[in-house]
Amino acid sequence: MIDLAAVVALRAVDTHGSVVAAADALGYTPSAVSQQVKRLERQVRVPLLERIGRGVTLTHAGRHLVEEGSRLLADMESLESGLHEQATTVAGRLRLTAFSTAMRGLIAPVAGELRTAHPELALTLSEREPWDTVELVATGHSEIGVVHSWGDVPLSIPDHLVTTELHRDIADVIAHRDHPLAQHAKVSPHDLVAENWIATPEGTICRQWLNRMYAGTGHLPRIAHVSMEFDSHLALVRAGLGIALVPRLGRAALGEDLVAVRVVDPVPTREVLALHRRTMAASPAVTAVVATLAAQSAERAQPAQNSAEASD
């Protein structure tokens with residue numbers, strides 16, 4: 001009988017390109033993953049991996065096993081979810097993957113609530129970029145993902161994933177209180193063409209949106225400094241090194257030195273989505289986590305809406 005847990009390990013090696021990376025994604029040791037693959041090779045009596053340089057790749061037989069085995073795993077996942085639904089049990093281990101500001105501003109505030117409400121449910125949290133999160137959920141390496149999609153910047157989501165809108169987040173220009181922009185109630189990209197930006201790296205969704213925001217100005221944003229974390233952006237703005245476009249979700253307190261200025265034409269808006277596989281739609285655990293995240297998002301949106309109405 002083929003060990004389905006070992007098939008999961010083999011699929012992880014295929015997805016991540018090495019035993020070490022697969023072990024990190026699964027939460028195992030590299031030795032444990034290697035032993036699972038070797039046990040699987042003994043069961044099927046054919047080589048499943050071959051070494052390429054310092055990495056490994058699947059053999060033809062290994063590729064066939066992963067492709068066919070993935071369908072079996074999806075059926076088993078659907079069966080398990082259905083059994084849990086009948087038992088109405090919120091239990092088990094769920095891997096939840098999210099981007100950094102969602103981890104700070106959305107997931108961390110409800111993690112304790114979920115643990116108290118459902119003591120038999122264990123969450124394993126991992127912070128990744130949205131494209132990576134979609135891949136991890138789609139390939140079965142994470143049960144729930146939280147991603148963001150900026151305006152018309154594409155985020156391709158496979159058909160076998162279910163999406164739930166959690167939150168619509170807005171970003172503001174953050175400027176030092178001594179900067180001339182700090183005196184404005186709102187700005188447009190045309191007001192920002194001569195500014196020095198602190199931005200996320202090229203290729204990130206946030207950087208792509210910043211570039212697209214400048215469409216129609218005849219310019220690209222002038223990137224002075226690059227940093228991955230928005231907390232670092234705030235520190236660099238505080239030091240007088242430029243301005244930054246920072247979302248409100250998970251944003252640290254600005255303090256006395258920084259000012260948030262609204263951006264219009266266009267308003268920098270991102271959609272925050274929860275993802276899970278359709279095969280887990282019946283899972284009470286998945287349903288409970290997504291519902292709790294949605295409730296937290298609704299609580300966050302209400303004060304923001306009231307504040308916006310008051311400022312208008």
Which residues share a side-chain contact (heavy atoms from CB on, under 4.5 Å) with [X], sequence neighbours left out:
X	answer
T217	P189, H190, V193, Y214, H219
R45	none
E202	R207, N211

Checklist entry - Linking Ile, Leu, Val, Met, Phe, Trp and Tyr by side-chain heavy atoms under 4.5 Å, what else ends up with V20? => result none
Which donor-acceptor pairs under 3.5 Å do the side chains of residues 24-33 make with protein atoms, sequence neighbours left out?
{"from": "T29", "atom 1": "OG1", "to": "A32", "atom 2": "N", "distance (Å)": "3.1"}
{"from": "S31", "atom 1": "OG", "to": "Q35", "atom 2": "NE2", "distance (Å)": "3.2"}

Residues which pass side chain to side chain donor-acceptor pair (under 3.5 Å) with [X], listed by chain and number, not counting sequence neighbours:
X	value
H176	none
T139	H141
R168	none

Distance-only donor-acceptor hits, side chain of residues 96-118, under 3.5 Å, sequence neighbours excluded:
{"from": "T97", "atom 1": "OG1", "to": "S142", "atom 2": "OG", "distance (Å)": "2.8"}
{"from": "T101", "atom 1": "OG1", "to": "R270", "atom 2": "NH2", "distance (Å)": "2.8"}
{"from": "R104", "atom 1": "NE", "to": "G250", "atom 2": "O", "distance (Å)": "3.2"}
{"from": "T116", "atom 1": "OG1", "to": "G112", "atom 2": "O", "distance (Å)": "3.1"}

Checklist entry - So, R248 and D169, do they make that salt bridge, N to O below 4.0 Å? => result no
Checklist entry - Can you list every side-chain hydrogen bond (donor to acceptor under 3.5 Å, both in side chains) pair that touches residues 57-67, not counting sequence neighbours? => result D14-R63
Donor-acceptor pairs are to be reported for all side-chain atoms of residues 231-245 against protein atoms at under 3.5 Å, with residues two or more places apart or in another chain.
{"from": "H233", "atom 1": "NE2", "to": "S227", "atom 2": "O", "distance (Å)": "2.7"}
{"from": "R238", "atom 1": "NH2", "to": "L254", "atom 2": "O", "distance (Å)": "3.2"}

Item to check | Heavy-atom closest pair, residues N196 and R222 | outcome: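 Nearest heavy atoms, N196 then R222: OD1-CD, 2.7 Å.
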Next on the checklist: Using modelled atom types and a 3.5 Å cut-off, is there a donor and acceptor pairing between side-chain atoms of E143 and backbone atoms of R95?
Outcome noted: yes
Per-pair distances, 0.1 Å, donor-acceptor, side chain in residues 123-138, under 3.5 Å, sequence neighbours excluded:
{"from": "T133", "atom 1": "OG1", "to": "E129", "atom 2": "O", "distance (Å)": "3.3"}

